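Read through the structure below, which is laid out as structure tokens, and then see the notes.
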Amino acid sequence: MSDINRAEILKQMGITQWVLRDAGTDPVSVETGVAAPVVPAVTTAPPSPEVVLAQPEPVAVEPAPSATADIAETPRIVSGAVSLEALRVEVQACEACGLSGSRSQTVFGSGPERSDWLFVGEAPGQQEDRQGLPFVGRAGSLLTQMLLALGQPREQVYISNTLKCRPPGNRDPMPDELAACEPFLLRQIEFLQPKVIVALGRISAQALLKTEQPLGRMRGQVYRYGPDNIPLIVTYHPAYLLRNPADKHKVWEDLLLANRQMAG
Ligand code: SF4
């Protein structure tokens, strides 16, 4: 994608303050070929340093006592699926948590069977529950646009959620529901073998990293996820950006950080 096309897409998204840095001195541009964001005339300081946390496993954080009790009663799903498609069929029949009783259908995920990129959101919403697809509606369109600006057509990345069924009224997922559904996401990651995982939103990031840190403190760092130490980047959920468009540039920065992991 040309810089002109990318700039136009970013402009349509309301991200207008992007300029190319000096290509000779900017390591981001050199590494990725992607225009690095700079807020003009504000500062010439370099972007926040990349902090690499060597975490062979998701960060272990003591859960709240109530959560512990809930999770302890949750039966652990053991999936015998031998392919992503077989896993999808397993998920369709799943009744491991209470959400099976209120869903219209499961929302497994969308994308190719092998994908360098894996985006993990929170849970299906009303539209997703109706259509059986993740990230549809306005939030999904915004994500699609951002991927396009990154030079990644949506069809080439995999998009899923921590939960495969919609919580009633779009409430936050409960700890027992997240624990029950987690094995499905882990198996998805096994099959997809992504080179980078992007956690979209606080719920997803906290669930994946087993932490209660606020999202703002998790951004801007490269975590390592699972036994394969897959780089994991945390950023805002597109639905949050619809309510807080001024933060779109932060997500763009996070996506550029994720993009740089592909080269590594
Ligand atoms: Fe099963 Fe996950 Fe749906 Fe709960 S949310 S019923 S664990 S697929």
Side-chain angles (χ1 to χ4, degrees), residues 57-58 60-61 63-64 66-113 115 118-137 139-140 143 157-194 197-212 225-226 230 232 237-240:
E57 298 290 339
V61 170
S66 59
T68 306
D70 287 343
I71 292 171
E73 294 164 7
T74 304
R76 187 80 178 166
I77 294 169
V78 179
S79 165
V82 294
S83 69
L84 199 61
E85 190 50 38
L87 187 64
R88 179 193 298 274
V89 173
E90 277 188 1
V91 167
Q92 281 172 345
C94 178
E95 296 181 348
C97 81
L99 298 180
S100 62
S102 57
R103 72 188 178 210
S104 300
Q105 59 188 312
T106 54
V107 181
F108 182 67
S110 67
E113 297 227 330
S115 175
L118 171 61
F119 290 82
V120 182
E122 176 183 327
Q126 188 177 39
Q127 291 295 326
E128 288 81 7
D129 179 68
R130 280 187 189 146
Q131 297 186 35
L133 293 169
F135 283 89
V136 295
L143 178 62
V157 307
Y158 202 90
I159 302 174
S160 192
N161 285 302
T162 52
L163 289 185
K164 313 307 184 201
C165 302
R166 180 195 179 207
N170 292 348
R171 64 159 169 75
D172 285 351
M174 307 290 281
D176 62 321
E177 294 161 354
L178 288 167
C181 214
E182 186 181 42
F184 289 136
L185 181 61
L186 293 174
R187 293 299 321 269
Q188 278 179 306
I189 292 171
E190 260 182 59
F191 290 122
L192 292 166
Q193 298 184 8
I197 299 172
V198 180
L200 297 169
R202 174 183 63 85
I203 299 280
S204 167
Q206 290 181 343
L208 287 168
L209 296 173
K210 303 282 189 285
T211 180
E212 294 182 351
Y225 185 80
I230 301 168
L232 186 151
H237 194 285
Y240 165 88

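Both ligands and their constituent atoms are indexed starting at 1 by order of listing. Every value quoted in this text rests on a predicted model; they were computed, and no experiment measured them.
For atom 4 (Fe) of ligand 1, the nearest non-hydrogen atom of the protein is Cys97 SG, 2.3 Å. Nearest protein heavy-atom neighbour of atom 3 (Fe) of ligand 1: Cys165 SG, 2.3 Å.
Heavy-atom minimum distance, Tyr158 versus Ser115: N-OG, 3.2 Å. In this structure, Ala123 and Asn161 approach most closely via the heavy-atom pair N-OD1, 3.5 Å.
Here the CD-CZ distance, from Glu122 to Arg202, works out to 7.5 Å after rounding to the nearest 0.5 Å.
Residue Cys181 counts as close to atom 2 (Fe) of ligand 1, with an N, O or S atom under 2.8 Å.
Counting heavy atoms from C-beta on, the side chains of Thr106 and Cys94 never come closer than 4.5 Å. Inter-residue side-chain proximity for Ile159 and Leu143 is flagged as met; some heavy-atom pair is nearer than 4.5 Å.
Ligand 1 places these atoms under 4.0 Å from at least one heavy atom of Ser100: 6 (S). Under a 4.0 Å criterion applied to the non-hydrogen atoms of Arg103, ligand 1 contributes the atoms 3 (Fe), 6 (S). Of all the atoms in ligand 1, the ones that sit under 4.0 Å from a non-hydrogen atom of Cys94 are 1 (Fe), 6 (S), 7 (S), 8 (S).
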